[in-house]
Structures are given as structure tokens and as C-alpha cells.
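By convention here, the first residue in the shown sequence is residue 1. In listed order, ligands and their atoms are each counted from 1.
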Amino acid sequence: MDSGSVLQNIINTQQERITGMQVNYYLSCRTKLWLYSHSISLEHTSELIKLGELLHQEYFNSQRKDVFYDGVAFDVIKPNKQIVEVKRGTRVRECDIYQTLYYLYYLEKHGVKGFTAVLTYPRARKKLVLTLDNEKRKRLDEIIRGIREIVKQPYPPPPKKKKFCQGCAYFDFCFG
Ligand code: SF4
């Protein structure tokens with residue numbers, strides 16, 4: 001294989017790789033999924049995003065942390081083989097559950113087993129331990145197919161106003 005083909009393979013792999021955030025956005029807002037997937041990023045302008053980052057740092061401050069990064073990034077507490085997803089909100093949402101489960105699914109697809117996943121909402125003192133089963137794997141297969149369909153569209157799906165739009169970094173883009 002020549003170097004051009006090798007490079008093209010790498011690019012294809014990068015484009016095919018789905019991130020946990022895409023899983024989350026597929027279930028919470030498909031407009032956001034499209035914008036994020038096309039690298040239209042306004043995240044740094046949102047105060048709420050900054051608050052989330054601070055909360056995340058605080059949560060991990062006293063605990064050992066490692067980060068796997070291969071286009072898909074997540075936090076791992078090493079001694080427990082635990083993947084941890086920290087959320088700023090107080091309400092348990094399906095999109096957060098499937099984002100967290102996706103990390104287990106992703107590892108499983110790469111032959112890595114023996115991890116558990118924890119979804120935590122420090123402000124609400126809620127913690128869920130999540131595991132995969134066949135029904136959830138099937139749902140994730142469907143989600144991934146759905147993500148690919150949306151991302152390949154030439155334009156974003158029209159925005160639909162939701163309760164949490166006010167806190168979204170894309171609010172002005174969608175409704176300004
Ligand atoms: S403002 Fe609302 S509709 Fe627009 S991307 Fe954000 S969540 Fe989606």
C-alpha cells in the first residue's frame with residue numbers, strides 16, 4: 001500500500017469514529033449533533049460549559065485519573081477499571097446513560113473487557129453503575145447508524161426549541 005492509501009485509510013478511520021458526545025447529541029439534539037460533527041464549535045463561549053469543566057476537574061482532583069484517547073476520550077479510574085462520566089446537571093438523562101454506555105461498547109468492540117461504567121451527577125449526589133446487555137448493544141448499533149445518517153446530510157436538521165436550549169452554546173446560532 002502506498003503512503004497516499006495509508007493516509008486515506010487513516011482519514012477514513014477518523015471520519016468513521018463516533019465519539020461519546022455524538023451519541024449524547026444524537027439523543028438530545030440532532031441539530032447540535034450535526035454542528036458538532038462538522039466542527040462548528042461554539043463550546044468555549046458558553047459559561048455553562050466552563051462550569052462543567054470546573055466540576056469535572058474538582059471531581060477528579062483527589063482521585064487517580066487516566067485518559068484513553070484514540071479519537072474517543074474518556075476518564076478512567078485505574079485501580080477499579082472504571083470509566084467515569086461526570087455531568088453538571090441534576091437529572092439523569094437517557095443521552096447521558098447511552099454516552100457512558102458507549103465507552104464500554106467501544107472498548108468491547110476493540111476486545112477490551114472487564115470495565116464498568118459510572119455515570120455521576122455530583123451536584124445531585126447521584127451515581128449510576130451501568131453495564132451493557134444485548135438490548136443496549138442493539139440500541140447503540142441503531143444510534144450509530146442514525147448518527148452516520150445525520151452527519152452525512154449537507155445541512156443541519158432544523159432546530160427545535162427545548163427546555164435546555166437556553167444553556168446551549170449554539171443558542172444564538174439557532175435562534176439569534
Ligand atoms: S440551541 Fe437547542 S436546537 Fe440549537 S443546537 Fe442547542 S439544543 Fe439544539
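- Summarising the local packing, NZ of K138 is surrounded by 12 or fewer heavy atoms from other residues, nucleotides or ligands at distances under 6.0 Å.
- Interface atoms of ligand 1 facing C165, defined by a heavy-atom separation under 4.0 Å, are 1 (S), 2 (Fe), 3 (S), 7 (S).
- For atom 4 (Fe) of ligand 1, the nearest non-hydrogen atom of the protein is C174 SG, 2.4 Å.
- Counting heavy atoms closer than 4.0 Å to ligand 1, residue F175 contributes side-chain atoms (C-beta onward) but none from N, CA, C or O.
- Between Q99 and K87, the side chains place a donor N or O and an acceptor N or O closer than 3.5 Å (distance only, hydrogens not considered).
- Here the rule is side chain to side chain contact (heavy atoms under 4.5 Å, CB included) with V84, and of T120, T116, T100 only T120 fits it.
- The contact set between ligand 1 and F171, taken as ligand atoms under 4.0 Å from a residue heavy atom, comprises 1 (S).
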Practice prompt. Applying side chain to side chain contact (heavy atoms under 4.5 Å, CB included), run through Y105 and L132 and close with a yes or a no.
Written response: CA-CA 7 Å; Y105 170 98; L132 277 174; 4.0 Å; yes
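- Taking the ring axis of Y98 as reference, the NZ or CZ atom of R139 stays within 45° of it and closer than 6.0 Å to the ring centre.
- Contacts between K162 and ligand 1, counted as non-hydrogen atom pairs separated by less than 4.0 Å, involve the side chain only.
- Near C168, with a cut-off below 4.0 Å to any heavy atom, the atoms of ligand 1 are 1 (S), 5 (S), 6 (Fe), 7 (S).
- Ion pairing of R137 with E135 is absent here, as no side-chain N (NZ or NE/NH1/NH2) approaches a carboxylate O to less than 4.0 Å.
- Near K32, with a cut-off below 4.0 Å to any heavy atom, the atoms of ligand 1 are 5 (S).
- In C29, the part holding a heavy atom less than 4.0 Å from any atom of ligand 1 is the side chain.
- Expressed to the nearest 0.5 Å, how far OH of Y36 lies from CD of Q22 amounts to 6.0 Å.
- Which parts of ligand 1 touch Y170 is read off a 4.0 Å heavy-atom cut-off, strictly below it: atoms 5 (S).
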